[in-house]
Amino acid sequence: MSNPFDDDSQEFLALCNDEEQYSLWPTGITVPAGWQVVYGPAPRREVVDHIDRSWTDMRPKSLRDAVPEYGGAGRRPDPAPSTGSRA
């Protein structure tokens with residue numbers, strides 16, 4: 001039996017989970033719990049292209065939310081506003 005994930009003749013779905021991670025998924029296989037269909041069904045190449053455009057940061061959402069550049073809990077406080085005077 002061939003791998004259904006590699007079969008270019010079938011249609012696929014793009015799935016996304018709560019951590020905003022994506023997966024290419026064959027239409028003939030039940031979508032696993034915790035994942036939602038966000039694109040498709042469509043040809044494999046079209047779904048892969050959609051995932052490539054959508055999933056630009058491979059880090060899970062919880063990690064992105066925790067780091068300063070994303071405004072998460074690890075965010076550094078803004079510097080005090082300048083008064084315009086110099087000591």
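Quantities reported herein were computed from a predicted structural model and do not represent experimental measurements.
- Under a hydrophobic-cluster definition in which Ile, Leu, Val, Met, Phe, Trp and Tyr are linked whenever side-chain heavy atoms come within less than 4.5 Å, directly or via other members, Val47 and Val38 are assigned to the same cluster.
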For residues 23-36, which side-chain N or O atoms pair as donor and acceptor with protein atoms under 3.5 Å away, sequence neighbours left out?
from  : atom 1 : to    : atom 2 : distance (Å)
Trp25 : NE1    : Ile29 : O      : 3.1
Trp25 : NE1    : Thr30 : O      : 3.3
Thr27 : OG1    : Glu11 : O      : 3.3

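- Looking only at side-chain heavy atoms (C-beta outward), Leu15 and Val37 come within less than 4.5 Å of each other.
- Between the CD atom in Gln21 and the CD1 atom in Ile51 there is a gap of 12.0 Å [rounded to 0.5 Å].
- With sequence neighbours excluded, no residue forms a side-chain hydrogen bond (donor to acceptor under 3.5 Å, both in side chains) with Tyr22.
- Screening residues 19-41 for salt bridge (Lys or Arg N to Asp or Glu O under 4.0 Å), with sequence neighbours left out, gives Glu20-Arg64.
- With sequence neighbours excluded, the residues that form a side-chain contact (heavy atoms from CB on, under 4.5 Å) with Asp8 are Arg44.
- Taking hydrophobic clusters as Ile, Leu, Val, Met, Phe, Trp and Tyr residues chained together by side-chain heavy-atom distances below 4.5 Å, Tyr39 does not share a cluster with Leu13.
- Under the salt bridge (Lys or Arg N to Asp or Glu O under 4.0 Å) criterion, Asp18 pairs with no residue, sequence neighbours left out.
- Here NZ of Lys61 is found 11.5 Å from CG of Asn17. Values are rounded to the nearest 0.5 Å.
- Applying the salt bridge (Lys or Arg N to Asp or Glu O under 4.0 Å) criterion to Arg53, with sequence neighbours excluded, gives no partner residue.
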